[in-house]
Student: 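Take this structure first; my questions come after.
So that the names make sense, note that chain A is the first sequence line, chain B the second, and so on, each numbered from 1. What you see is a predicted model, and the numbers here were worked out from it, not measured in a lab.
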Amino acid sequence: MKIATWNVNSIRTRQDQVLSWLQGQDIDVLCLQETKVIDQDFPRSPFEELGYHVYIYGQKAYNGVAIFSRLNIESVIMGFTPILGADQVGELDDQKRVIAGVIDDICIVNVYIPNGSSVGSDKYEYKLQWLNRLGDYLQQMLIKYPHLCICGDFNIAPEDRDIYNPQNRENHIMASAAERQALDAIANLGLADGFRKFTQDGGHFTWWDYRAASFTRNRGWRIDHHYLSPGLYQNAIACYIDTEPRTQPKPSDHAPVILEIGT
DNA sequence: ATGGCGACAGGATGTCGA
């Protein structure tokens, strides 16, 4: 089974690129982030015609997540509230950032973790609060679904080797100690970074700023991830970043990441 | 040091992303 994650930065702008990418791959599950469209305007039929079931959880202009799956998903869970209850979630489901479903006995959790703007800002506090609630959510999900893959745009580089220039990054958004600690807390639930099962060196990135020719200079960050429960981690046979779509005209600023799980 | 670029909403330019 191939599970891919891709922050497309608007599905309507990137529709043709996602379609042609899927046609050249053999993807079973594609998790999208930053779809940036309300559900009634989501271009679902082109992807259905390609053989995918389409599950969407979007909003106007910002955020939005979706799962495309060749196999039908029986129970789709949108937001934190179905798992944690409205009292625990509060305003955190106003932004559409998490959708999950069970496919072939594997629970796929697709997340678009908040960016956080800058360390110490209100958005930074929101990001940390959101990560804390994500931990509560995953704790419950792992009880129900022990085979779990959480993937998406985490907006956190786990280690210095995941940043093109790791100097002076302690107070940089996506690399601060509190963000990494929040990610560690999630990993400590029993989830491991699929990419690092296979690749140990630096210089492998999933996001490059549109500005300053960052991609051609490979000035990037590895912030899109798959974290796997122990059995899935054991069965993972590959995890890689496909930089080809990032070379196209009018690309997303993120590249897709593909995880392969054997049987 | 700052801004660079791109998408969206709305109909000029401000907000947001990372």
Student: Closest-nucleotide mapping onto DNA chain B: is N155(A) or S10(A) further toward the 5' terminus? I mean the 5' end.
Tutor: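 First, find each residue's nearest nucleotide; the 5'-ward one identifies S10(A).
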
Student: Decide if the gap between the ring center of Y137(A) and the ring center of W130(A) is smaller than 6.0 angstrom.
Tutor: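 No, they do not, as the ring centres are separated by 6.0 Å or more.
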
Student: Would you mind classifying the nucleic acid contact of D153(A) as base, sugar-phosphate or nothing, using non-hydrogen atoms under 4.0 angstrom?
Tutor: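 Counting heavy atoms under 4.0 Å across all strands, the contact made by D153(A) is with sugar-phosphate only.
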
Student: Counting any heavy atom closer than 4.0 Å, what does Y112(A) reach on the DNA or RNA strands: base, sugar-phosphate only, or nothing?
Tutor: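 Sugar-phosphate: the residue Y112(A), judged by heavy atoms under 4.0 Å, touches backbone atoms but no base.
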
Student: In whole angstrom, give me the gap between the P atoms of dA1(B) and dA12(B).
Tutor: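 So the two P atoms sit 37 Å from each other.
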
Student: What distance, rounded to whole Å, do you find between the two P atoms, one in dC8(B) and one in dA18(B)?
Tutor: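 Comparing P positions in dC8(B) and dA18(B) gives a spacing of 14 Å.
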
Student: First contact, last contact: which nucleotides of DNA chain B are these for chain A, 5' to 3', heavy-atom distance under 4.0 Å?
Tutor: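 Listed 5' to 3', the contact boundaries are dG4(B) to dA18(B).
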
Student: Give a yes or no on whether the ring-centroid distance for W221(A) and H204(A) is below 6.0 angstrom.
Tutor: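 No: the rings miss the under 6.0 Å criterion.
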
Student: What does D209(A) touch in the nucleic acid at a heavy-atom separation under 4.0 angstrom: a base, only the sugar-phosphate, or nothing?
Tutor: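 No contact.
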
Student: Which is true for N63(A) with a 4.0 Å heavy-atom rule: it touches a base, it touches only sugar-phosphate, or it touches nothing?
Tutor: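 No contact at all - N63(A) keeps every heavy atom at 4.0 Å or more from the nucleic acid.
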
Student: Would R169(A) and Y164(A) count as a cation-pi pair here, with the cationic atom under 6.0 angstrom from the ring centre and within 45° of the axis?
Tutor: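 The answer is yes; both the distance and angle limits are met.
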
Student: Any chance the rings of W6(A) and W21(A) have centres within less than 6.0 Å?
Tutor: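 Yes, ring centres under 6.0 Å apart.
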
Student: Please report the distance separating the P of dT13(B) from the corresponding atom of dT2(B), rounded so that it comes out in whole Å.
Tutor: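 Taking atom P in both dT13(B) and dT2(B), they lie 25 Å apart.
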
Student: Tell me, which pairs form a side chain to side chain donor-acceptor pair (under 3.5 Å) where one or both residues lie in residues 224-233 of chain A, sequence neighbours left out?
Tutor: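 Side chain to side chain donor-acceptor pair (under 3.5 Å) check on residues 224-233 of chain A returns T206(A)-D224(A), R222(A)-H225(A), D224(A)-H254(A).
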
Student: If you find the nucleotide of DNA chain B closest to M174(A) and the one closest to Y210(A), which residue's nucleotide is nearer the 5' end?
Tutor: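 Nearer the 5' end of the strand: Y210(A).
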
Student: Syn if the chi torsion is within 90° of 0, anti otherwise; quick check, which is dG4(B)?
Tutor: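 It is syn.
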
Student: Classify the side-chain pair Y240(A)/E260(A) by whether it contains a donor and acceptor separated by less than 3.5 Å.
Tutor: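 Checked: Y240(A)/E260(A) side chains pair up, N/O donor to acceptor below 3.5 Å.
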
Student: Can you tell me how far C1' in dG11(B) sits from the matching atom in dA7(B), rounded to whole Å?
Tutor: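 It comes out at 16 Å once rounded to the nearest Å.
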
Student: Using the P atoms only, state how far dC5(B) lies from dG10(B), rounded to an integer number of Å.
Tutor: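 It comes out at 25 Å once rounded to the nearest Å.
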
Student: Quick check: do D93(A) and Y57(A) have side-chain heavy atoms less than 4.5 Å from each other?
Tutor: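 Yes, close enough: below the 4.5 Å cut-off.
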
